[in-house]
Amino acid sequence: MLDDIWMHVDVQGELLESARDCEADVFLRTFGNSRAQLDDEYGAYEDSTVFLALADAGGDVVATVRLLMPGGHAGLKTLVDVGNPPWSADGTRSAAAVGLDPLWTCEVATLGVRRSSSANGTRLSLALYHGLFAIARVNRMASFVAILDERVRRLLGSAGILTRSLPGTRTAPYLGSPASTPVYAHITPLLENQRRQFPEAHRLVTLGIGLDGVAIPPSESFLLRPRVPLA
């Protein structure tokens, strides 16, 4: 099968703008979030923001992930937002209680696949997951956090990406989602459990074998420019 989708890491320029358009399109359709609302929500985190994108031959982004890497001046949005209602939890204490190291924890801020894409949505989602874990591996991330809509959380779980609720939080409405949960995962045990319990998903997501039609860049392409002095 010939490649018809290309993965791009830390996109810039026209690809970055297309990735933001893709994100806005998906979040408006799914949660009613406008582009202005997304800009307002994530504006404080721009210095730590990285977009991973899947684009077609015309350079249009059809699926994207917004990651927040450690080292940003505003921290990780998940740990900040759990301090607000309905959770009103101490994000720093919650993170410490489950062993999250702020230097080596990133955030999956948004993730979306365009419905209008002619490519298979499941294939694109699996490719995004692969890119996410490739970035984590190459940049030595130990853990990630996110506030996940429960439908998305179930989809991730079906691929062996199992997450736990952050202490002091519960499932509640969040940014247009009727049921979202602040979660975390430690990447090494997550992938080991995926290898044992979800071998086919491990092959696709972690090893990147069988992602037909998606051109994956070489491993060194996932190394991000430093955003924080490495310990």
Side-chain angles (χ1 to χ4, degrees), residues 7 9 50 52 54 63-70 76-79 81-82 87 89 91-113 120-172 174 177 179-212 214 216 219 222-224 231:
M7 180 179 290
V9 183
V50 172
L52 171 77
L54 301 176
T64 188
V65 176
R66 180 197 289 252
L67 296 172
L68 305 182
M69 302 304 291
L76 297 178
K77 191 173 190 298
T78 290
L79 301 184
D81 283 5
V82 298
W87 301 296
T92 301
R93 291 183 63 181
S94 293
V98 293
L100 297 176
D101 184 334
L103 279 180
W104 304 107
T105 299
C106 61
E107 173 166 345
V108 182
T110 68
L111 186 153
V113 176
N120 179 279
T122 301
R123 177 169 62 113
L124 296 182
S125 295
L126 292 170
L128 284 181
Y129 305 160
H130 173 69
L132 166 65
F133 284 105
I135 287 176
R137 182 185 70 254
V138 172
N139 295 277
R140 298 189 290 156
M141 292 296 104
S143 312
F144 71 84
V145 295
I147 299 180
L148 292 179
D149 177 82
E150 281 298 301
R151 293 168 297 179
V152 175
R153 191 181 183 191
R154 284 193 292 273
L155 288 173
L156 291 170
S158 70
I161 304 169
L162 302 178
T163 57
R164 297 176 181 270
S165 301
L166 275 169
T169 71
R170 56 182 172 79
T171 301
Y174 176 75
S177 162
S180 283
T181 308
V183 301
Y184 75 96
H186 296 304
I187 293 171
T188 296
L190 181 155
L191 295 182
E192 176 56 24
N193 181 69
Q194 184 195 53
R195 185 186 65 79
R196 288 186 283 103
Q197 302 295 331
F198 302 83
E200 180 61 20
H202 183 77
R203 179 173 172 271
L204 288 163
V205 172
T206 302
L207 304 181
I209 298 172
L211 295 173
D212 296 336
V214 181
I216 307 295
S219 180
F222 292 92
L223 182 63
L224 303 175

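Since the structure is predicted, the reported quantities are computational estimates derived from the model, not experimental observations.
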Return the minimal non-hydrogen interatomic distance between G160 and F198, and the atom names on each side. CA-CD1, 3.5 Å
Counting C-beta onward and ignoring hydrogens, is there a side-chain heavy-atom pair between D81 and P182 closer than 4.5 Å? no
Drop me the distance from I216's CD1 to M7's CE, to the nearest 0.5 angstrom. 3.5 Å
To the nearest 0.5 angstrom, please state how far the OG atom of S158 sits from the CZ atom of R153. 13.0 Å
Minimal non-hydrogen separation, T169 against A89, with atom names: CG2-CB, 4.5 Å
Determine the sole option in R196, Q197, Q194 for which the side-chain hydrogen bond (donor to acceptor under 3.5 Å, both in side chains) test with H202 is passed. Q194
Could you grab the distance from atom CG of L76 to atom CD1 of I147, nearest 0.5 Å is fine? 11.0 Å
Any L100 side-chain heavy atom under 4.5 Å of H186 side chain: yes
Separation of Y174 OH from D149 CG (nearest 0.5 Å): 12.0 Å
Does a donor on one side chain and an acceptor on the other come within less than 3.5 Å for T206 and R195? no
Using the rule given for side-chain contact (heavy atoms from CB on, under 4.5 Å), can you reason through T163 versus L156, listing the C-alpha separation, both sets of side-chain angles and the distance that settles it, and then say yes or no? CA-CA 9 Å; T163 57; L156 291 170; 5.6 Å; no
Determine whether a donor-acceptor pair (N or O, by modelled atom type, separation under 3.5 Å) exists between the side chain of W104 and the backbone of S143. no
Is there side-chain contact between L67 and V108, with at least one heavy-atom pair below 4.5 Å? yes
Looking at L162 and A185, what are the two nearest heavy atoms and their distance? O-CB, 3.9 Å
With heavy-atom distances below 4.5 Å as the criterion, would you say the side chains of L224 and V9 are in contact? yes
Run the side-chain contact (heavy atoms from CB on, under 4.5 Å) test on L204 and H130 for me, step by step, so that the C-alpha distance in whole Å, both residues' side-chain angles and the decisive distance to 0.1 Å come before the verdict. CA-CA 7 Å; L204 288 163; H130 173 69; over 6 Å; no
Nearest heavy-atom neighbours spanning G91 and V82: CA-CG2, 3.6 Å
Straight-line distance of L132 CG to M141 CE, nearest 0.5 Å: 11.5 Å
With rounding to the nearest 0.5 angstrom, report the CD1 to CG distance, I161 to L155. 10.0 Å
Give the minimum heavy-atom separation between V214 and L54, together with the two atoms involved. CG1-CD2, 4.3 Å
F133 and F144 aromatic ring geometry - parallel, tilted or perpendicular at 30°/60° bounds: perpendicular
Measure from the side-chain N and O atoms of N139 to the backbone N and O of F222, and report whether any donor-acceptor pair falls under 3.5 Å. yes
Give me the one residue out of T78, V145, L79 that meets side-chain contact (heavy atoms from CB on, under 4.5 Å) with T105. V145
Between L148 and T181, is any pair of side-chain heavy atoms under 4.5 Å apart? no
Of all heavy-atom pairs between R123 and D212, which one has the smallest distance, and what is that distance? NH1-O, 2.8 Å
